[in-house]
Amino acid sequence: MRWAAYAVPAMEYVESVLTVVERIPPGRVMTYGAIAEYLGRGGPRQVGTVMARYGGGVPWHRVVAANGRVVPGHEEEALQRLRSEGTPLRGDRVDVHLAEWWPD
DNA sequence: CGATTGACCCTTC
DNA sequence: AGAAGGGCCAATC
């Protein structure tokens, strides 16, 4: 059965992405581009696709766009959680400049 | 192989 | 500060 109606990256890539997202500590966020760069593979779009399909089991709210925009379709929930964790927010957006985190 | 699509990113107006 | 266009990578039809 085709779980996805569109292109889905290799399982290995998905695994890597989810692992990185799980490593993001509370109060910090990571951008799609950052994840893609850290993995050194694919691009922001692949990461986004992975999150859309398989992001249900990880703190997806800690993954934001480069401009600080939170996940579309779940802004309220994401903002609420981020606020709870003490993530630097700038109104309805995340202050990526301060909150962006990179794995060691 | 060409066209299409997607939780994107960057430059420019 | 917001909108538009072009580029990006991988997979499916």
Side-chain angles (χ1 to χ4, degrees):
Chain A
M1 174 157 177
R2 260 177 245 347
W3 315 315
Y6 50 87
V8 174
M11 200 62 168
E12 216 168 70
Y13 187 70
V14 175
E15 216 181 303
S16 306
V17 173
L18 296 181
T19 301
V20 174
V21 174
E22 277 185 16
R23 274 192 171 137
I24 304 176
R28 303 268 177 178
V29 298
M30 240 180 131
T31 65
Y32 296 96
I35 295 174
E37 273 217 18
Y38 175 71
L39 294 177
R41 198 150 217 76
R45 317 205 54 128
Q46 266 50 284
V47 177
T49 301
V50 170
M51 292 304 290
R53 278 304 324 146
Y54 303 92
V58 295
W60 48 267
H61 54 276
R62 293 187 195 147
V63 182
V64 300
N67 58 345
R69 255 296 199 174
V70 297
V71 178
H74 297 279
E75 297 185 47
E76 292 183 47
E77 195 171 331
L79 283 172
Q80 195 174 312
R81 283 184 168 217
L82 291 170
R83 215 176 267 239
S84 255
E85 296 177 352
T87 309
L89 297 178
R90 207 182 88 188
D92 56 334
R93 308 234 250 171
V94 177
D95 196 333
V96 180
H97 191 65
L98 295 176
E100 191 174 26
W101 174 85
W102 276 74
D104 291 317

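Here is the naming used below: chain letters follow the sequence lines, and residue numbers restart at 1 for every chain.
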Separation between CG (A/D95) and OG1 (A/T87), nearest 0.5 Å, reads 10.5 Å

Just jot down the side-chain hydrogen bond (donor to acceptor under 3.5 Å, both in side chains) partners of A/E85, sequence neighbours excluded, or say none. A/H61, A/R62

Do the side chains of A/R23 and A/W101 get nearer than 4.5 Å, heavy atoms only? yes

Flag yes if more than 12 heavy atoms outside A/Q80 fall under 6.0 Å of its CD atom; otherwise flag no. no

What are the atom names and distances for every N/O pair under 3.5 Å that joins the protein to nucleotides 7-9 of chain C?
residue, atom, partner, partner atom, Å
C/dC9, O4', A/Q46, NE2, 3.4
C/dC9, O2, A/Q46, OE1, 2.9
C/dC9, O2, A/Q46, NE2, 2.1

Any pair counted as salt bridge (Lys or Arg N to Asp or Glu O under 4.0 Å), so long as it reaches residues 63-74 of chain A, sequence neighbours left out: A/R69-A/E75

My understanding is that only residues two or more places apart in sequence, or in another chain, count here; which of them pass side-chain hydrogen bond (donor to acceptor under 3.5 Å, both in side chains) with A/R93? none

Atom-to-atom span, OH of A/Y13 to P of B/dG6 - whole angstrom: 18 Å

Atom CE of A/M51 to atom C1' of B/dC9: distance rounded to whole Å? 17 Å

Just jot down the side-chain contact (heavy atoms from CB on, under 4.5 Å) partners of A/D92, sequence neighbours excluded, or say none. A/L79

Protein and nucleotides 11-13 of chain B: nitrogen or oxygen contacts under 3.5 angstrom:
none

Rounded distance in Å - CD (A/E12) to P (C/dA11): 11 Å

dist A/R28:CZ -> A/L82:CG (nearest 0.5 Å) comes out at 13.0 Å

If you define the side chain from C-beta out and look only at heavy atoms, does anything of A/H97 sit under 4.5 Å from A/P88? no

Atom OH of A/Y38 to atom C1' of B/dC9: distance rounded to whole Å? 21 Å

Using a 4.0 Å cut-off on heavy atoms, which residues in residues 68-99 of chain A reach DNA chain C? List them by number, or say none. none

Could you list the donor-acceptor pairs under 3.5 angstrom formed between side-chain atoms of residues 33-40 of chain A and any protein atom two or more places apart in sequence or on another chain?
none

Under 4.0 Å from any atom of DNA chain B, heavy atoms only: list the residues of residues 22-34 of chain A that qualify, in numerical order. A/Y32, A/G33

Distance check, P atoms only: B/dT11 and C/dC9, in whole angstrom units. 16 Å

Heavy-atom pair of closest approach, residues A/G27 and A/A99: O-CB, 4.4 Å

Give every donor-acceptor pair under 3.5 Å between a side-chain atom in residues 9-19 of chain A and any protein atom, sequence neighbours left out.
residue, atom, partner, partner atom, Å
A/Y13, OH, A/R41, O, 3.2
A/S16, OG, A/E12, O, 3.0
A/T19, OG1, A/E15, O, 2.7

Output every pair passing ring-ring contact (aromatic ring centres under 6.0 Å, His included) with a member in residues 65-84 of chain A, not counting sequence neighbours, ordered by first then second residue. A/W60-A/H74

Could you tell me whether A/A10 contacts a base, only the sugar-phosphate backbone, or nothing, with contacts defined as non-hydrogen atoms closer than 4.0 Å? sugar-phosphate

Would a 4.5 Å heavy-atom cut-off, applied to side chains only, mark A/V71 and A/V63 as touching? no

Could you walk me through whether A/E100 and A/V64 pass side-chain contact (heavy atoms from CB on, under 4.5 Å), step by step? CA-CA 9 Å; A/E100 191 174 26; A/V64 300; over 6 Å; no

Pairs: protein N or O with nucleotides 1-3 of chain B N or O, under 3.5 Å:
none

note: A/E37, atom CD; B/dC8, atom P; distance rounded to Å ~ 17 Å

Can you see which heavy atom on A/A66 is nearest to which on A/V96, and at what distance? O-CG2, 3.8 Å

